[in-house]
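Proteins come first, then strands; the chains are lettered A, B, ... in the order of their sequence lines, and each starts at number 1.
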Amino acid sequence: MGTRFLSQLCGGSVSGLIYQQIAANVAQALSEVLGTAPPVPVVVERNRRAEYGDYSTSVCLRLAREARMAPIDLARRVVERLPEAPFVGRVEVAHPGYINFWLDEGWLAAQVDVILEAGESFGSLTLGQGQRVQVEFVSANPTGPITVGSARNAVLGDALASVLTAAGYQVEREYYVNDAGAQVRKFGESVLARYAQALGEDVPFPEDGYYGQYVVELGERLAAEAGRRYLEMDRPQAIRAVADWAVEQMLERIRKDLADLGVHFDVWRHERDLHREGLLDQALTILRERGYIVEYDDAVWFRHPDLEKDAVLIRSPRVVPEPSERPTYLASDVAYLLDKLVRRGFDRAIYIWGADHHGDVPRVRAAAKALGLDPDRAVFILYQLVTLWRGGEEVRMSKRSGEFVTLRDLLDEVGPDPIRFMLVSRTAESPIDFDLDLAVEQSERNPVYYVQYAHARIASILRYAQEQGWRIDEPADLSLLRHPSELALIRKMLELPEVVEQAATKLSPHFLPYYAQELATAFHAFYRDCRVVSADPAEADLTRARLRLVRAAKAVLARVLGLLGVRAPERM
RNA sequence: GCCCCCGUAGCUCAACUGGAUAGAGCAACGGACUUCGGAUCCGUUGGCUGCGCGUUCGAGUCGCGCCGGGGGCGCCA
């Protein structure tokens, strides 16, 4: 393996992750020392501290006992047998048994052209090997506008989808439209009531209906468009028709809001279509045949040994009076699972759910097993909820009561870039306190601007260079790039593939914004130390080399921002 | 009562399958350049990683028990 990587490297390009190539070499050397393959995987890590080099491994500490050698001696012997590698400049053994690696500086400088050649695809990996992955996210009920909580979902899912695409998966983004349940019916009733009121009828508003102002507006609009038509229908029919219309209106608005956030879906899958296409019946048939269905109390239940509860309700005439046998949420989930993993054949289905749904995870997993599927093909990302603060007080939100802060409000106040950057920057497990005052007032100090500024600054330098008569796409002698700040910038750029890998394998896009900031910092430091466009004719070659460096940095910044769905401005 | 997540600098958060001296941003204080964008850069202050045991050569990370915060627990989705 090590030699294969080496031969590829001799061709001059980075074709595998650097740390993996180092690990392969260490493993090879270890095998020779131990006389057998190392019993544990060789872990090579990027170092936090520059004095320990770029990468290091502590594998000798772990294997010392089994090798019956002092860790430091084992490390020394491994280093003696380490294959030559063009990208490694220096190797040292450090107490109590670490092996530290420094990247070769000439090799580093040469990577600038490798990055420029890769362009948009720099940072892309073949990790996914073309596996088909579906990311289903947002999927907020079409009974109201998108809230800030769903915005987190949207941003998380979209960034994850981008990262997985970059990692070599074939990804589809999907929005599941819950248009068949009791909530939609209540929503229809609410709109119908507002509609009637708009027409001067004195009708009561459903007690558990949707109280938001937008429902009043929907009623008024419907009254203007449709006249008294729905008052003349019989009530169940009118509710259904109004609900259909209102859901369409909401979906249009949701689509627009998400689009303005930069989030687009490949597929909008409607719950009703699942039923219409017979997937629910299919799922129930399979479950029944395999013995996971029980019936009592006039209802159908799902039972599985993995579930602590006796059974989960799947279908009951009492859930929704009309039509008589409306399924429950879980029932549709099972049908949808069948749709995702069997009918449409995704290798993996990723669900982005708010943590308040965590109780449903074991049920869907159990359902997967019951259907005869590998439950690990369904992957759940649970994010903690967003709480909003304004004026030092928590803003309580409820779609039903109509009290909530919408994504639209936030877009109007803050704009998409800070929202996205902020909401991706947290691990999913971390709850977010979103301070609206801070988001608005201090938006200029938001880290997103720091990163965007670096990009705009480079654009400005390139404009200036061209004004001065430089051609910015000229070849250059990159070996002139020797300044510590130049090399630090290149090192940081070369981290991108590792960041993508980590974000993809851990399904955690939050690594990206942190990396983006570090990259911007590395650029600003370089800018401080090194003048790019020199008026001194003796420095013409250096200028050419630095122009290439700066172009590469711009490309990498744009790439990270692109993965985050944040704009990379030419000026700001 | 049971289950899940979190607890790290004044605030908001990181820390790669357990690795070396726990890092950023903001806030505070002090400073820099003034020919390529000052939305920048440099420095200082700030930590028994909630508490206690345990596993390990090594624990913010793993296990157990407490304390505190959030969420969930069959006819809502």
Side-chain angles (χ1 to χ4, degrees), chain A residues 19 41 43 45-49 51-52 56-58 61-62 64-65 71 94-98 100 139-141 143 178 181-184 186 208 297 299 301-302 307-320 326 328-330 332-333 354-363 382-385 387 400 422 425-435 438 442 444-447 449-450 452-454 456-465 467-468 498-499 501-502 505-506 508 510-511 513-514 517-518 520-521 524-525 527-529 531-535 543 546 550 571-572:
Chain A
Y19 80 89
V43 176
E45 298 183 300
R46 184 171 277 280
N47 277 321
R48 288 201 273 245
R49 303 175 65 84
E51 60 182 287
Y52 298 137
S56 69
T57 179
S58 60
L61 295 175
R62 291 197 59 182
R65 182 174 293 169
H95 279 281
Y98 293 98
N100 297 330
S139 302
N141 270 357
T143 55
N178 278 287
Q183 289 308 315
V184 168
K186 272 174 198 153
D208 52 353
D297 286 354
W301 309 74
F302 170 62
L307 299 177
E308 290 179 11
K309 300 281 181 184
D310 293 347
V312 184
L313 186 74
I314 270 214
R315 175 178 258 180
S316 161
R318 275 164 292 177
V319 178
V320 170
R326 198 47 74 66
T328 63
Y329 180 68
L330 177 71
S332 291
D333 264 357
D356 52 340
H357 288 77
H358 87 265
D360 295 320
V361 172
R363 292 181 202 151
L382 301 171
Y383 62 92
Q384 295 295 315
L385 302 182
T387 44
R400 297 276 290 280
M422 148 94 195
S425 294
R426 271 56 168 171
T427 58
E429 298 81 38
S430 170
I432 293 183
D433 285 327
F434 198 107
D435 188 328
L438 209 70
Q442 302 199 342
E444 289 204 346
R445 301 206 192 100
N446 190 304
Y449 296 112
Y450 178 80
Q452 288 182 318
Y453 179 71
R457 202 179 207 183
I458 295 173
S460 170
I461 292 171
L462 294 175
R463 283 194 298 269
Y464 174 81
E467 284 166 19
Q468 300 298 311
E498 295 170 13
V499 173
E501 186 206 31
Q502 204 172 334
T505 54
K506 302 185 110 183
S508 300
H510 81 274
F511 293 110
Y514 283 91
Q517 287 177 78
E518 289 170 9
T521 297
H524 287 309
Y527 180 85
R528 175 195 67 225
D529 293 335
R531 171 137 192 124
V532 178
V533 182
S534 172
T543 291
R546 285 182 173 164
V550 150
R571 28 168 65 96
M572 51 194 289

What integer distance in Å separates A/Glu518:CD from B/C16:P? 13 Å
Measure the spacing between NE2 of A/His358 and OH of A/Tyr383 and express it to the nearest 0.5 Å. 14.5 Å
Between protein and nucleotides 2-8 of chain B, what N or O pairs are separated by less than 3.5 Å?
residue, atom, partner, partner atom, Å
B/C5, O2', A/Gln384, NE2, 3.3
B/C5, O2', A/Glu429, O, 3.0

Just to be sure I understand the rule, does A/Asn100 reach a base, reach only the sugar-phosphate, or reach nothing, if contact means heavy atoms closer than 4.0 Å? base
Under 3.5 Å, is there an N or O donor on one side and an acceptor on the other linking the side chain of A/Ser56 and the base of B/A20? yes
Expressed in angstrom and rounded to an integer, what is the separation of A/His510 atom NE2 from B/C16 atom P? 9 Å
Rounded to the nearest angstrom, tell me the gap between atom CD in A/Glu45 and atom C1' in B/G58. 13 Å
How is A/Tyr98 classified with respect to the nucleic acid when contacts are heavy atoms under 4.0 Å: base, sugar-phosphate, or nothing? base
Taking the side chain of A/Leu61 as heavy atoms from C-beta outward, which of B/A39, B/C76, B/C57 is closest to it? B/C57
Roughly how many Å is it from CG in A/Asp433 to C1' in B/C11, rounded to a whole number? 11 Å
Please check the phosphate of B/A14 (OP1 and OP2 only) for any side-chain N or O of A/Thr427 closer than 4.0 Å. yes
Taking A/Ser534 for its side chain and A/Thr543 for its backbone only, find out whether a donor-acceptor pair lies under 3.5 Å. no
Please determine, for B/U40, whether a Watson-Crick or G-U wobble partner exists with both distances under 3.5 Å, and give it or none. B/A32
Let's see if you can work this out: which of B/C42, B/G74, B/U35 has an atom nearest to the side-chain heavy atoms of A/Tyr464? B/U35
Among the candidates B/A77, B/G74, B/A14, find the nucleotide nearest to the side-chain atoms of A/Trp301. B/G74
By the 4.0 Å heavy-atom rule, please label A/Thr521 as base, sugar-phosphate, or nothing. nothing
Run the numbers on A/Met572 and A/Tyr449 for side chain to side chain contact (heavy atoms under 4.5 Å, CB included), then give the verdict. CA-CA 9 Å; A/Met572 51 194 289; A/Tyr449 296 112; 4.0 Å; yes
Mind checking A/Asp360 for me? I need base, sugar-phosphate or nothing, with any heavy atom below 4.0 Å counting as a touch. base
Is A/Tyr514 stacked against the base of B/A14, taking the criterion as centroid distance under 5.5 angstrom and interplanar angle under 30°? no
Any strand, both distances under 3.5 Å, Watson-Crick or G-U wobble: B/U55 pairs with none
Re B/G7: Watson-Crick or G-U wobble partner, both distances kept under 3.5 Å, found to be B/C67
Is there a side-chain contact between A/Phe302 and A/Arg363 (heavy atoms, below 4.5 Å)? no
Presence of A/Arg571 side-chain N/O under 4.0 Å of B/G37 phosphate oxygens OP1/OP2: no
Say we look at B/G23 and B/U44: how far apart would their P atoms be, to the nearest angstrom? 13 Å
Nearest listed nucleotide, side chain of A/Tyr453, among B/A20, B/C36, B/G37: B/G37
Which atom pair, heavy atoms only, marks the closest approach of A/Leu382 to A/Gly354? CD2-O, 4.0 Å
So what does A/His357 touch, heavy atoms closer than 4.0 Å: a base, only the sugar-phosphate, or nothing? base
Pairing check on B/G23: which nucleotide meets the Watson-Crick or G-U wobble criteria with it, both distances under 3.5 Å? B/C13
Over all heavy atoms of both residues, which pair between A/Leu61 and A/Tyr98 is shortest? Give the atoms and the distance, please. CD1-CZ, 3.8 Å
For A/Gln183 and A/Thr143, work out which heavy atoms get closest and say how close. O-CG2, 4.0 Å
Measure CG/A/Leu462 against P/B/G37 and give the value in whole Å, please. 10 Å
Under 4.0 angstrom between A/His524 side-chain N/O and B/G37 OP1 or OP2: no
Give a yes/no on whether any side-chain N or O of A/Ser460 is located under 4.0 angstrom from OP1 or OP2 of B/G37. yes
Taking pairing as Watson-Crick or G-U wobble with both contacts under 3.5 Å, can you name the mate of B/U49, or confirm there isn't one? none
Strictly distance-based, threshold 3.5 Å: is any side-chain N or O of A/Ser425 a donor or acceptor partner for the main-chain N or O of A/Pro513? no
Atom CG of A/Asn47 to atom C1' of B/G19: distance rounded to whole Å? 10 Å
Rounded to the nearest Å, what distance is computed from the CZ atom of residue A/Arg463 to the P atom of nucleotide B/C36? 14 Å
According to the Watson-Crick and G-U wobble definitions, with both distances under 3.5 Å, which nucleotide is paired to B/C73? B/G1
Is the shortest side-chain N/O distance from A/Arg426 to OP1 or OP2 of B/A14 below 4.0 Å? no
The residue, A/Arg49 or A/Ala535, whose nearest nucleotide of RNA chain B is more 5′ is A/Arg49
Heavy atoms only: give me the nearest A/Tyr19-A/Glu501 pair and the separation to one decimal. OH-OE1, 2.6 Å
Whole angstrom value for the distance that separates P of B/A77 from NZ of A/Lys186: 8 Å
pi-stack flag for A/Tyr527 and B/C36, centroid dist under 5.5 Å, interplanar under 30°: yes
Rounded P spacing from B/C51 to B/G60 in Å: 11 Å
Taking only the C1' atom of each, what is the distance from B/U12 to B/A27 in whole angstrom? 11 Å
If the C1' atom of B/C64 is compared with that of B/A20, how far apart are they to the nearest Å? 29 Å
Taking B/G37, B/C42, B/G71 as options, the one with an atom nearest any side-chain atom of A/Asp356 is B/G71
Taking atom C1' in both B/G10 and B/G72, compute the distance separating them and give it to the nearest angstrom. 33 Å
Nearest atoms (heavy-atom pairs only) where A/Ala355 meets A/Gln384: CB-NE2, 3.4 Å
Assign each of A/Ile461 and A/Tyr450 the nucleotide of RNA chain B bearing its closest heavy atom; nearer the 5' end lies the nucleotide of A/Ile461
Just checking A/Ala456: base, sugar-phosphate only, or nothing, at a heavy-atom cut-off of under 4.0 Å? base
Could you tell me how far B/A24 sits from B/G70 if I compare only their C1' atoms? Round to whole Å. 25 Å
Least distance between heavy atoms, A/Val184 atom then A/Asn178 atom: CG2-O, 3.2 Å
